[in-house]
Protein chains: 2
Amino acid sequence: MVTPNRESDIFAAISHPARRRILDLLVETDRSVNALAGDFQMSRPAVSQHLRILLNAGLVTERRQGRERHYRLVPERLAPVREWISHYERFWDDRLQRLQEHLLRGEDQ
Amino acid sequence: MVTPNRESDIFAAISHPARRRILDLLVETDRSVNALAGDFQMSRPAVSQHLRILLNAGLVTERRQGRERHYRLVPERLAPVREWISHYERFWDDRLQRLQEHLLRGEDQ
DNA sequence: ACTATAGGTAAGCGATTGCTTACGAGTAAA
DNA sequence: TTTACTCGTAAGCAATCGCTTACCTATAGT
């Protein structure tokens, strides 16, 4: 059985540089598999396999259009990474962190 | 030859939940290997191996004190993660992102 | 000098990763 | 209806991961 929403899968998914680059490419716009594969040395099936890992992690969605499949970024799924790293923000920028916390408190309450 | 400062090693290092937990524990204070291992089910050598990966990634440093080795967090080494994830911040908080950019511009110039 | 403790490291293992090539299904174009 | 194109998936593979147990060195305590 597949357990969705596993935070670990997100971190594992972004651990490979090719998968981070795929996400970076999808920031601009949706892309077909071939359009993505054009940016890589590796074979097209290899890109497909990376896309499946991203899909399983919920970091992208797939939309079929004719014989193409367009992949779209789901940036909200990166939230666990952002939340985890935010624990450490005070170490490199106390001032900004306090400001952020102030703003977030203001929004939540 | 070991190529230091490889961003990829950082993402790989934090991809394992045990290693993220080790870092989380080291936020509070430095810890010896046994002090860390006490928080895990796995054997002490397994923890040592995780620590070596974190050490190779530069995410921790080691300080020998008597027969103990104390590990200390090097939070600056998480910067690549923070920078990468910050590309996506606008997706979940446009307002805060613009404010951050404004502040960073103000600091750099 | 013994004994105990802290912790690194090697060997070995099963599982997983990351790629390749080969093939098949589905859609589009001729 | 052929032919071409897009893409997923299976099989196979070498390499790496994550763990264990066994063993070693170094320091501390008696």
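The sequence lines fix the lettering, A, B, ..., with proteins before strands; numbering per chain opens at 1.
The residue A:Phe40 sits apart from the nucleic acid: no heavy atom pair falls under 4.0 Å.
In this structure, B:Arg19 contributes its side chain and B:Ala13 its backbone to a donor-acceptor pair below 3.5 Å. Looking at A:Arg20, its side chain does come within 3.5 Å of a backbone N or O of A:Ile14 through a donor-acceptor pair. Although no hydrogens or angles enter the test, the distance criterion places a donor-acceptor pair under 3.5 Å between the side chain of A:Arg77 and the main chain of A:Ala57. In this structure, B:Tyr88 contributes its side chain and A:Asp24 its backbone to a donor-acceptor pair below 3.5 Å.
Between the CG atom of A:Asp30 and the CD atom of A:Gln65 there is a distance of 9.0 Å, given to the nearest 0.5 Å.
If you take CG of A:Leu51 and P of C:dC19, they are 12 Å apart, rounded to a whole angstrom. Following rounding to the nearest Å, A:Asn56 (CG) and C:dG18 (P) show an atom-to-atom distance of 13 Å. What separates NE2 of B:His70 from C1' of C:dA6 is a distance of 10 Å, to the nearest Å. Look at CG on A:Leu36: it is 10 Å from P on D:dG8, rounded to the nearest Å. Going from atom CZ of B:Arg64 over to atom P of D:dA26 covers 10 Å, rounded to whole Å. Here the C1' atom of nucleotide C:dA28 and the CD atom of A:Gln65 are 13 Å apart, to the nearest Å.
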Restricting to nitrogen or oxygen on both sides, can you table the protein-nucleotides 13-18 of chain D pairs closer than 3.5 Å?
from	atom 1	to	atom 2	distance (Å)
D:dG18	OP2	B:Arg19	NH1	3.2

Could you go through nucleotides 4-6 of chain D and list every protein N or O atom that sits under 3.5 Å from one of its N or O atoms, giving the distance for each pair?
from	atom 1	to	atom 2	distance (Å)
D:dC5	O2	A:Arg67	NH1	3.4
D:dT6	O5'	A:Asn34	ND2	3.4
D:dT6	O3'	A:Arg67	O	3.4

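For the side-chain contact (heavy atoms from CB on, under 4.5 Å) with A:Leu36, the qualifying choice from A:Arg44, A:His50, A:Arg21, A:Arg31 is A:Arg31, the only one to do so.
For the pair B:Phe11 and A:Ser15, the tightest heavy-atom approach, listed with the atom from each and the gap, is O-CB, 3.8 Å.
Within a 6.0 Å sphere centred on CZ of B:Arg63, heavy atoms belonging to other residues, nucleotides or ligands number more than 12.
Candidate nucleotides D:dT20, D:dT9, C:dG7 were compared by shortest atom distance to the side chain of B:Ser43, and D:dT20 ranks first.
Comparing B:Ala35 and A:Gly66 against DNA chain C, the residue whose closest nucleotide sits nearer the 5' end is B:Ala35.
For B:Tyr71, a side-chain nitrogen or oxygen approaches OP1 or OP2 of C:dG8 to under 4.0 Å.
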